Structures are given as structure tokens and as C-alpha cells.
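So the structure is just underneath, and the comments pick up after that.
We number each residue from 1, following the sequence as shown. Fair warning: this is a prediction, and the values are worked out from it, not measured in the lab.
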Amino acid sequence: MFMGLLSFGQKTVDFKLNPEIGKPLNIDMIVKTDIDGPQSIIMDMNMKMTMTPTKNENEQFTIESVTNGIKVDVDAGMMTMTYNSAEEPKDEMSKMLAEQFSKIIGQTITIVLTPKGKPVQVLLPDGLAEGIDKTAFSNISTPLPEEPVSPGSTWQSTAEMQNNPFISKTET
């Protein structure tokens, strides 16, 4: 029996997306960012989202994502900032972050993904595209490996960020 389990455990699996169309998923996405450079910045962001797969067409999934809430803490050395969409901004720094992040609360962002989770298209609502980096929303899904993997395997994904003064690329 042990040999059977051992050989079963070594089989490869070809990961693919297969979301249930119309079934909303509540997502609590936590993003921790450390930016090293002349001015080191640590940013912790927690986004509460609802993602609803709406279509499976031509081997691509259309996902509608709505951000319900955001909490951001930024530590830039001598300066710290915080923003919580559930609260009124209390100081100038919070107001500055609110200007940036409050734009996406309640907005529907449509993302088209391949079965391997790679973004094909990101559609932002009118008026939201200005000042928002579409590639940030492309990274909502971590691309799956192209080839089948076995238990213990790892894979990496790199995404170039555009129009972002702080982050040029992300690696997952």
C-alpha cells in the first residue's frame, strides 16, 4: 500500500482554471510590498473583493471583480500613512491615500483570463482608467504553470508594471 501511495503521489497534475459561471467568490486579498531603493517603502494592503465568473468563451474566462473595501498601511521610513475605506480619512496623508484608492471602491473591473490564469484583457470603467495602472489588476490572478507539475514543484511568474513610479515588475 505504501508503494502505491508513493507512486500516486508522484503523478503530475495539469492545473487549469474552471470557475463556476455565475457563482460569486468573496476574496480577501493581502498584498505585502517591500520596495528597496533610495527611499525604502513597506506597504501592506488588504482588499476585500467579490469576483464573479460571467463567461467561458473561446477558452477564456471573463471575471467581473468589484472591490468592496481597502485597508492600506504605508511605512516610508520617517513617514507613515494609513487608509481604510470603511472610515473617514482623519489626516492629510489619509486623505491623499483616499484620493488614490477610493476611486475603485464599488467599481466593476472586468478581467479576461486564459485557462492557465494569464490575463488577456483588463477593462476598466469609464473615468477610472486615468491614473490607474491596468497591469495592477492583471496580477489579481497568479498564472498557473504551462506544464503539468508534481507535488513539491514550484513555478514563477513575472509581470511588468506600467505607469507605476514605485514598482517596475512583480514576481510570484
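Here the CD1 atom belonging to I70 is positioned 6.5 Å from the CZ atom belonging to F101, to the nearest 0.5 angstrom. The structure places CD1 of I27 at 6.0 Å from CE of M51, a figure rounded to the nearest 0.5 Å. The structure places CG of N84 at 6.0 Å from NZ of K71, a figure rounded to the nearest 0.5 Å. Rounded to the nearest 0.5 Å, atoms OH (Y83) and NZ (K95) are 13.5 Å apart. The OG atom of S85 sits 12.0 Å away from the CG atom of L97 when rounded to the nearest 0.5 Å. The line from CG of N18 to CG of N56 is 7.5 Å long, rounded to the nearest 0.5 Å.
With no hydrogens or angles considered, no side-chain donor-acceptor pair links T80 and D75 at under 3.5 Å.
Note on I111: it clusters hydrophobically with V31, by side-chain heavy-atom contacts below 4.5 Å among ILVMFWY residues. Under the 4.5 Å side-chain heavy-atom criterion for grouping Ile, Leu, Val, Met, Phe, Trp and Tyr, I41 is connected to M96 within one hydrophobic cluster. Residues L25 and V112 do not share a hydrophobic cluster, clusters being chains of Ile/Leu/Val/Met/Phe/Trp/Tyr side chains in contact below 4.5 Å.
Closest approach of P125 to I109, counting heavy atoms only: CD-CG1, 4.2 Å. K103 approaches E99 most closely through the heavy-atom pair CE-O, 3.1 Å. Annotation for L17 and L144: closest pair N-CD1, 4.0 Å, computed over non-hydrogen atoms. When all heavy atoms of S65 and M49 are compared, the closest pair comes out as OG-CE, 3.1 Å.
Taking the six-membered ring for Trp and thresholds of 30 and 60 degrees, W155 and F15 have ring planes inclined between 30 and 60 degrees apart.
The pair K118-E146 meets the salt-bridge criterion, with a side-chain N (NZ, NE, NH1 or NH2) lying under 4.0 Å from an Asp/Glu carboxylate O. Taking 4.0 Å as the cut-off between side-chain N and carboxylate O, K32 and D34 do not count as a salt-bridged pair.
Partner T62 forms a side chain to side chain contact (heavy atoms under 4.5 Å, CB included) with one of Q121, K55, E57 and no other, that one being K55. The side chain to side chain contact (heavy atoms under 4.5 Å, CB included) test with M45 singles out one residue from I30, T33, V72, V74, and that residue is V72.
Considering only heavy atoms from C-beta on, D44 stays 4.5 Å or farther from N46 through its side chain. The shortest distance between side-chain heavy atoms of P53 and I21 falls below 4.5 Å.
T108 contributes no side-chain N or O that, together with a main-chain N or O of E64, makes up a donor-acceptor pair within less than 3.5 Å. Between the T114 side chain and the K116 main chain, a donor and an acceptor come within less than 3.5 Å of each other. Remark: the backbone N or O of V66 is not paired with any side-chain donor or acceptor of T50 at under 3.5 angstrom. Panel note: side chain N58, backbone Q60; no donor-acceptor pair is recorded below 3.5 Å.
For CD of E147, the number of neighbouring non-hydrogen atoms (other residues, nucleotides, ligands) closer than 6.0 Å is greater than 12.
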